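Remarks on the structure that follows.
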Amino acid sequence: MTEQYGLSLGKLLELTLAGREPAEKIQVTSSGIRLQWLSEGALLVKPANGTDAGIDLLLSAGIHGNETAPIEMLDRLLKRIARGEIKPRVRILFLLGNPEAMRRNVRFVEQDMNRLFNGKHVLTSGFEAQRADQLERLVAHFFSEPDRARLHYDLHTAIRGSAIERFALYPWSEGREHSQAEMARLEAAGIDAVLLQSKPGITFSAYSYAAHQAEAFTLELGKARPFGQNAGVDVSQLESRLKAIIEQCEPELPQTLERLKVFHVSREIIKQSEAFRLHLADDVANFSPLPEGYLLAEDGSQKWIVTETDARIIFPNPNVRPGLRAGILIVPTKALDNS
């Protein structure tokens with residue numbers, strides 16, 4: 001078999017955008033890398049025999065269909081694997097999360113898919129709910145092999161500008177500790193800040209973290225732009241780090257965090273009704289500081305007043321459905337002293 005033979009399944013993005021199913025579901029490159037099409041937007045990559053380092057790496061993007069820079073980055077990595085330029089020593093599951101939203105260049109079709117994991121999809125219906133269920137099943141099967149390290153990066157770009165452009169959300173689960181070693185890896189990948197969650201979540205990365213004990217992160221990598229217009233979104237450092245993880249040739253990680261800013265979530269602002277009002281400009285940037293005593297939001301008789309010192313706001317969005325978060329208040333914290 002030739003490397004060109006392996007390239008056709010490497011065109012996962014083209015297949016997904018065209019809504020086509022490949023004629024051949026399994027292909028093997030001349031270097032022994034096995035590519036297997038599982039379903040729309042889902043491709044499994046297995047290392048050549050005798051080269052597997054015992055790591056399962058889940059790389060997802062397109063949970064929001066108009067966040068295209070990370071989709072294009074995964075496309076580049078997969079094509080290089082199919083051409084034989086990158087030789088994986090880890091199992092990889094590539095997932096393009098919301099194909100229909102990608103084809104329409106919209107954030108979602110019916111509802112925000114990244115609020116439908118960890119059991120939430122069973123409480124609703126429609127396209128995104130069905131797809132969230134399918135993604136959970138794919139991930140459960142991928143992470144079913146015992147005694148393997150598990151890592152998940154769910155890649156996004158933001159709908160608004162940010163004072164800190166590249167940042168990570170680190171999920172929380174009962175009985176687990178956040179890893180400083182994984183945060184050092186984020187720093188080495190060009191991530192500037194990490195937000196430590198303090199309660200269970202309903203995002204895709206929160207699902208793989210809680211349900212499958214993976215080290216999992218939501219990565220925000222810049223501003224959302226259409227396909228082909230991502231020259232201003234710099235993912236080069238992350239792309240280089242992912243290649244090193246895939247090939248298992250990472251430089252040794254530092255023992256301390258030199259540059260990474262660490263925050264923890266103080267409060268989530270949950271919209272309760274259509275009377276909700278958020279007292280921020282429509283174009284306010286993520287990580288904008290908020291003074292103590294500031295009236296941040298109102299919802300009928302309920303008021304959210306900033307009581308935290310050095311509080312910042314991320315993901316402010318008054319247009320979400322009632323019951324969902326309309327913003328997150330965060331405060332700086334010290335890095336963890338563990339590995």
Side-chain angles (χ1 to χ4, degrees), residues 16 38-42 44 56-67 70-71 74 92-102 106-144 150-159 167-176 178 182 194-221 224 265 268-271 314-315 317 320-328:
T16 304
L38 302 177
S39 65
E40 186 174 45
L44 176 65
D56 291 336
L57 175 63
L58 169 57
L59 296 176
S60 58
I63 294 294
H64 296 135
N66 62 343
E67 298 176 2
I71 297 172
L74 294 190
I92 313 166
L93 178 59
F94 287 92
L95 288 180
L96 302 180
N98 195 332
E100 186 57 34
M102 288 166 52
V106 295
R107 184 174 173 83
F108 53 82
V109 178
E110 296 171 337
Q111 55 187 319
D112 189 338
M113 185 187 293
N114 213 28
R115 304 293 181 270
L116 295 177
F117 294 97
N118 272 338
K120 288 296 182 180
H121 59 77
V122 302
L123 303 177
T124 184
S125 61
F127 171 79
E128 269 89 8
Q130 293 174 11
R131 180 62 172 173
D133 177 62
Q134 182 185 30
L135 293 179
E136 286 191 353
R137 292 172 186 272
L138 287 165
V139 172
H141 187 266
F142 179 63
F143 282 146
S144 64
R150 298 170 180 177
L151 183 61
H152 177 197
Y153 292 124
D154 185 36
L155 309 176
H156 291 255
T157 49
I159 59 177
F167 61 96
L169 282 79
Y170 200 161
W172 177 91
S173 182
E174 183 71 38
R176 295 188 65 184
H178 293 123
E182 289 299 334
V194 62
L195 278 59
L196 305 179
Q197 306 285 86
S198 57
K199 55 183 281 190
I202 55 176
T203 64
F204 195 21
S205 64
Y207 165 73
S208 57
Y209 187 80
H212 301 291
Q213 294 71 54
E215 288 293 348
F217 304 88
T218 300
L219 300 188
E220 298 285 350
L221 303 172
V265 173
E268 291 188 344
I269 311 304
I270 305 298
K271 178 177 177 176
I314 62 165
F315 304 141
N317 184 1
V320 297
R321 294 182 178 183
L324 296 180
R325 73 185 185 202
I328 304 177

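The analysis underlying the following values was restricted to heavy atoms, covering all of them including side chains, and did not include hydrogens, waters or symmetry mates. Everything numeric in this text was worked out from a predicted model, so none of it was measured.
Tested against H64, the residues D112, N114, N98 include a single side-chain hydrogen bond (donor to acceptor under 3.5 Å, both in side chains) partner, D112.
For the pair D154/F217, no side-chain contact is recorded, criterion being any heavy-atom separation below 4.5 Å from C-beta on. Between F108 and N66 there is no side-chain heavy-atom pair separated by less than 4.5 Å. Between I314 and L195 there is a side-chain heavy-atom pair separated by less than 4.5 Å. A heavy-atom distance below 4.5 Å is found between the side chains of L155 and L74. Annotation: side chain of R107 is in contact with side chain of E67 (closest heavy-atom distance under 4.5 Å). In this structure, Y209 and Q197 have side chains that are not in contact, with every pair of non-hydrogen atoms separated by 4.5 Å or more.
Taking 4.0 Å as the cut-off between side-chain N and carboxylate O, E268 and K199 count as a salt-bridged pair.
Of the possible polar contacts, one joining the S208 side chain to the S205 backbone as a donor-acceptor pair under 3.5 Å is found. In this structure, the side chain of R150 does not engage the main chain of Q213 through any donor-acceptor pair within 3.5 Å. The main-chain N or O of A42 is never found under 3.5 Å from a side-chain atom of S39 such that the two would form a donor-acceptor pair. At distances below 3.5 Å, at least one donor-acceptor pair connects side-chain atoms of E128 with backbone N or O atoms of E110. Proximity of a side-chain donor or acceptor of D56 to a complementary backbone N or O of L151 within less than 3.5 Å is not detected.
A distance below 6.0 Å separates the ring centres of F204 and H152. Ring centroids of H212 and Y207 are separated by less than 6.0 Å, placing the two rings close together.
Defined by atom type and a distance below 3.5 Å, a donor-acceptor pair is missing between the side-chain atoms of R137 and Q134.
Between atom OH of residue Y153 and atom CG of residue L219 there is a gap of 7.0 Å, rounded to the nearest 0.5 Å. T203 contributes atom OG1, which lies 11.0 Å from atom CG of L116 (distance to the nearest 0.5 angstrom).
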| message | Pair T124, Q111 - check side-chain hydrogen bond (donor to acceptor under 3.5 Å, both in side chains), show working. | response | CA-CA 10 Å; T124 184; Q111 55 187 319; 3.2 Å; yes

| said: Could you go through E220 and H156, starting from their C-alpha distance and side-chain angles, then the distance that decides it, and tell me whether this counts as side-chain hydrogen bond (donor to acceptor under 3.5 Å, both in side chains)? | reply: CA-CA 5 Å; E220 298 285 350; H156 291 255; 4.6 Å; no

